[in-house]
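Indexing begins at 1, ligand by ligand and atom by atom, following the structure's order.
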Amino acid sequence: MHRSSRLPASTTPNPLSLALGRMREEGRPVLDLTVSNPTACGFHFPEAAIREALGGPETMRHRPHPRGSLAAREAIAHHHGHGAHPADFLLTASTSESYALLFKLLCDPGDQILVPTPSYPLFEWLARMEGVEAVPIPAWLHDRWDLDFAALDSAAPRARALCMVNPNNPTGQFLSRREWRRLTDFCAARNLALLVDEVFADFPVEPEADHWPTAFEDPNPPCPVFILSGLSKVALLPQVKLGWIAARGPGAMEALEALEFIADQYLSVSASAQVAAPALLGLAPNLRAQALERIRQNIFALDAWITRHPACSRLPVGGGWSALLRRPALEDDETFAVHLLDQEGVLVHPGHFFDLPSEGFLSLSLITPHDTFRLGLEGLSRALGSR
Ligand SMILES: Cc1ncc(COP(=O)(O)O)c(C=O)c1O
């Protein structure tokens with residue numbers, strides 16, 4: 001059987017996954033400081049209301065519409081505010097699917113998209129599975145992460161789109177207002193579409209004063225802008241499988257018509273997710289408040305821990321669910337993470353999982369249950385002390 005070259009040649013697990021597999025086989029407990037599944041973090045979900053929303057009588061009717069139901073799009077437009085209109089939106093089954101639809105819309109096989117790093121690691125494969133190459137563009141850490149515009153400039157001629165995550169995962173950094181202007185002008189001049197993943201935009205933690213809170217603030221960007229979000233973060237409900245794309249800027253209406261054609265081939269958004277969306281978005285502020293409270297509690301614990309470990313530091317968390325911890329890079333981050341797991345049963349992500357530009361970074365999930373987070377930090381103290 002021929003195997004498509006879009007797939008990885010082999011799927012050998014990395015050393016950290018192997019170590020985790022061993023721990024689980026041996027039945028040893030793991031303090032997981034990488035958890036990103038909000039349904040496994042001890043939040044209080046109003047279960048009866050969620051079940052009722054997902055199982056109402058309307059879910060028994062199949063009323064396919066490739067853009068998604070108007071009622072769901074109205075609720076989503078209302079959630080975003082800033083003059084967002086239901087006609088700006090198309091529903092998908094997830095943010096990952098939104099990327100797949102957008103790469104189909106914007107790229108021919110062999111085309112390139114530009115992906116600033118460090119960032120969300122799925123880009124490479126989401127692009128490859130559409131026959132598209134994701135070209136990394138570095139951002140360098142000075143007093144904040146600065147995108148390398150010279151690298152962006154030289155990669156642009158062969159690319160169709162630039163993908164930004166605002167605020168970024170895992171750096172937590174929001175774009176600044178100045179960067180927004182510069183990026184949209186750059187994309188307009190270079191004939192690029194700008195994709196802005198804002199799944200974490202509703203989780204501002206310690207944003208800088210001049211941060212750019214959401215692409216919805218710009219009603220008339222000079223380049224085509226596609227804004228991505230979904231219930232997996234907005235309502236802490238990844239299992240419901242509802243994402244969306246909003247199109248703005250030149251060509252937005254034509255783009256939405258073309259996206260509608262693509263979505264029509266799949267019709268992947270379930271009736272339940274669409275029918276439930278207004279009610280779930282109504283429940284979402286309470287769920288987000290729980291997550292933000294947890295994030296703040298964990299940051300507080302992390303900062304207290306850092307006062308006892310002055311060789312370590314935390315990068316600012318503009319927004320989102322993760323923090324980057326810097327540590328002296330006496331060995332590479334993966335070796336340290338495997339050691340931490342083996343010795344202390346504490347799981348963290350080494351920075352290179354997110355293409356951090358150097359060793360000495362660990363990524364911690366701030367939605368980790370607080371007791372687990374605190375115990376994990378104690379294990380981290382011992383592991384650092386033993387190196
Ligand atoms: C930046 C970013 N975008 C998208 C997603 C995934 O969203 P979805 O579950 O809607 O595919 C994640 C998940 O962690 C993410 O970090």
Please give me the minimum heavy-atom distance between Ala139 and Pro118, naming the atom from each residue. O-CD, 4.2 Å
May I ask you to check if ligand 1 and Tyr120 share an N or O to N or O distance below 3.5 Å? no
Are the side chain of Ser94 and the backbone of Glu97 linked by a donor-acceptor contact shorter than 3.5 Å? yes
Where is the nearest protein heavy atom to atom 9 (O) of ligand 1: which residue, which atom, and how far? Ser232 OG, 3.1 Å
Return yes when Ser94 approaches ligand 1 closer than 4.0 angstrom through a heavy atom, no otherwise. yes
So is Phe200 in contact with ligand 1, going by heavy-atom distances below 4.0 Å? yes
With heavy atoms of Ser96 as the reference, note each atom of ligand 1 found under 4.0 Å away. 11 (O)
Beyond-backbone contact of Glu257 with Arg67, side-chain heavy atoms, under 4.5 angstrom: yes
Which option out of Asp197, Asn166, Asn169, Val234 puts a heavy atom nearest to atom 2 (C) of ligand 1? Asp197
Would you say NE2 of His78 has more than 12 non-hydrogen atoms from neighbouring residues, nucleotides or ligands within 6.0 angstrom? no
For the residue pair Thr39 / Gln239, report whether a side-chain donor-acceptor contact shorter than 3.5 Å exists. no
Give a yes or no on this: more than 12 heavy atoms of other residues, nucleotides or ligands lie within 6.0 Å of atom CZ of Arg158. no
Atom 13 (C) of ligand 1 has as its nearest protein heavy atom Lys233 NZ, 2.9 Å
Within the structure, does Thr95 bring an N/O atom to less than 3.5 angstrom of an N/O atom in ligand 1? yes
Hey, which atoms in ligand 1 end up nearer than 4.0 Å to a heavy atom of Val165? 1 (C)
So, Asp148 and Trp140: side-chain donor and acceptor under 3.5 Å apart, yes or no? yes
